[in-house]
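Scroll down for the structure; my scribbles are underneath it.
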Protein chains: 2
Amino acid sequence: MNNVQVESLRDRKKLQRRTLLIEIARGLIASKGLRSLKIRDVADAAGCSIGSVYNEFGDFDGLILSVNRETVQALTARLTAVPADDPGRHLHRLADAYLAFAAEHANLLRSLFEHRMENDRPFPEDILLMVMKAFDLMHAPLVRLLPGRDGEEVALLARMMFSAVHGIISLGLEERMVAVPPDRLREQLAQFIDTHLAGLGVPHK
Amino acid sequence: MNNVQVESLRDRKKLQRRTLLIEIARGLIASKGLRSLKIRDVADAAGCSIGSVYNEFGDFDGLILSVNRETVQALTARLTAVPADDPGRHLHRLADAYLAFAAEHANLLRSLFEHRMENDRPFPEDILLMVMKAFDLMHAPLVRLLPGRDGEEVALLARMMFSAVHGIISLGLEERMVAVPPDRLREQLAQFIDTHLAGLGVPHK
DNA sequence: TACGAAAATGAACAATGTTCAAGTAGAATC
DNA sequence: GATTCTACTTGAACATTGTTCATTTTCGTA
């Protein structure tokens, strides 16, 4: 069997529209929040019928998940691009990058972390893995900063630090809860990481 | 004017039903998640009409907010009841209490933090204040542990620590993201607080 | 060109939040 | 106790929005 398919006109148009639909949905979520996203608005903006959206994504959740998938990909790409020179600086930069992404795409990140599936359907494995991979990015620098410590301990520590940073950022940016200005948040995150590293016995430069 | 109203039969029934409706809505949110809450289910379970729910809460958001209001009250009560003897132990107990509450009422806490209002309506002031007050509970022990430090600095630190604890717990309990067992989380939180205090220069007992 | 598979369509349906005209029950007045 | 008035209750009807599917259209292939 030949898996190298010739890209037909049909395939090209299909992919093009899929991309367009995700693009439109992302724009709507980003600007007005997940709760305001409507299938009909997406279909209208894309100039196609509601049925085509269903044909492409199965259901509403499918569309949302496709947007969320790309969100976590974009986040991971951004975090992965952070230079990994000095491990201490690496941690700070990871936190900064996360903050910048969260500030720019607050609603998209909320959609990723807060969206619940209909009827307890399982959360897609691939998105879960990508989130885990993002969580793990603090692992490498922590290993370098804490040589000799138990491997699993450091892994848990990495996940915990990431969760802490996530909490500080997501509550910090929550407008309804008197948001801290991003610059102020940036300082706080830096202080948080320094303090925590000091507590772990890492000498400060 | 006399504000001491005689409690009429009408008032008593009204309050009784209001309480019942909130009770039912809370039970449904707690057991099946906010997304599964339906006005008709609530009205049916309470043995009244849909219209009466509207009459009492204005709209769907009103009902949800009433449940959330009681959730934050219950949380605050629980955190306030924590003994405040030694400031270090106080911090640990606050985190433990938060964890216990979150583990017992995961869906209610999600409803409190994740529910978005329709059409950008403002978040109710009183709930905001109660959440802020809960955040502030870490302030007093930190002041005792860090005498001589700038007041505003400590206030920000308290909010940051609370946010970090919130992040560790809420991501840690997220089943879809491979939840950490509560006992394991408890250890991690204790370690987190100890490490952070050490980093702040607080001598460990 | 003719045929068949795949996709697109949108009317109809289902679920669910919301409104409101009409009815009912409790309070107030006599 | 009867009457009147006010406030509450009701549920049918409506509006919004996710979902389905028979029909039509489009595209690849023989």
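Remember, predicted model here, so these are calculated numbers, not experimental data. Throughout, a chain's letter reflects where its sequence line sits, starting with A, and its residues are numbered from 1.
- Using a 4.0 Å cut-off, some side-chain N or O of A/Asn55 falls inside it from OP1 or OP2 of C/dA8.
- Atoms CD (A/Gln16) and P (C/dA8) sit 12 Å apart, rounded to a whole Å.
- Whole-Å rounding puts the B/Ile64 CD1 to C/dT16 C1' distance at 13 Å.
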A correct 5'-to-3' footprint of nucleotides 14-25 of chain D, with B, S and - meaning base, sugar-phosphate only and no protein heavy atom under 4.0 Å, is ---BBBB-----
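- End-to-end axis angle for the helix from C/dT1-D/dA30 to C/dC30-D/dG1, using five pairs per end and rounding to 10°, comes out at 0°.
- Considering only heavy atoms from C-beta on, B/Leu65 comes within 4.5 Å of B/Met117 through its side chain.
- Between B/His166 and B/Phe135, the ring center distance fails the sub-6.0 Å criterion.
- Per the geometry, CG belonging to B/Asp44 stands 12 Å off P belonging to C/dT16, to the nearest Å.
- Rounded to a whole Å, the CZ atom of B/Phe57 is 11 Å from the P atom of D/dT9.
- Remark: A/Ser111 OG to A/Ile64 CD1 distance equals 6.5 Å, nearest 0.5 Å.
- Aromatic ring centroids of A/Phe162 and A/Tyr98 lie under 6.0 Å apart.
- Rounded to whole Å, the distance from CG on B/Leu28 to P on C/dG17 is 12 Å.
- Rounding to the nearest 0.5 angstrom, the gap separating the CG atom in A/Leu146 from the CG atom in A/Leu200 is 5.5 Å.
- Regarding contacts with the backbone of D/dT9, every side-chain N or O of B/Lys13 stays at 4.0 angstrom or more from both OP1 and OP2.
- Taking a cutoff of 4.0 Å between a charged side-chain nitrogen and a carboxylate oxygen, A/Arg93 and A/Asp86 do not qualify as a salt bridge.
- Note on B/Ser49: every side-chain N or O is 4.0 Å or more away from OP1 and OP2 of D/dG11.
- In this structure, B/Leu15 atom CG and D/dA7 atom P are separated by 19 Å, rounded to whole Å.
- For C/dA8, the OP1/OP2 oxygens have a side-chain nitrogen or oxygen of A/Arg17 closer than 4.0 Å.
- Taking CZ of A/Arg186 as the start and CD of A/Gln191 as the end, the distance is 14.0 Å to the nearest 0.5 Å.
- The pair A/Glu114-B/Arg116 meets the salt-bridge criterion, since a charged nitrogen lies less than 4.0 angstrom from a carboxylate oxygen.
- If you measure from atom CZ of B/Arg18 to atom P of D/dC8, you get 13 Å, rounded to the nearest angstrom.
- Note: CD (A/Glu56) to C1' (C/dA7) measures 10 Å, nearest angstrom.
- Ring pair A/Phe192/A/His196 is parallel by interplanar angle, where below 30° counts as parallel and above 60° as perpendicular.
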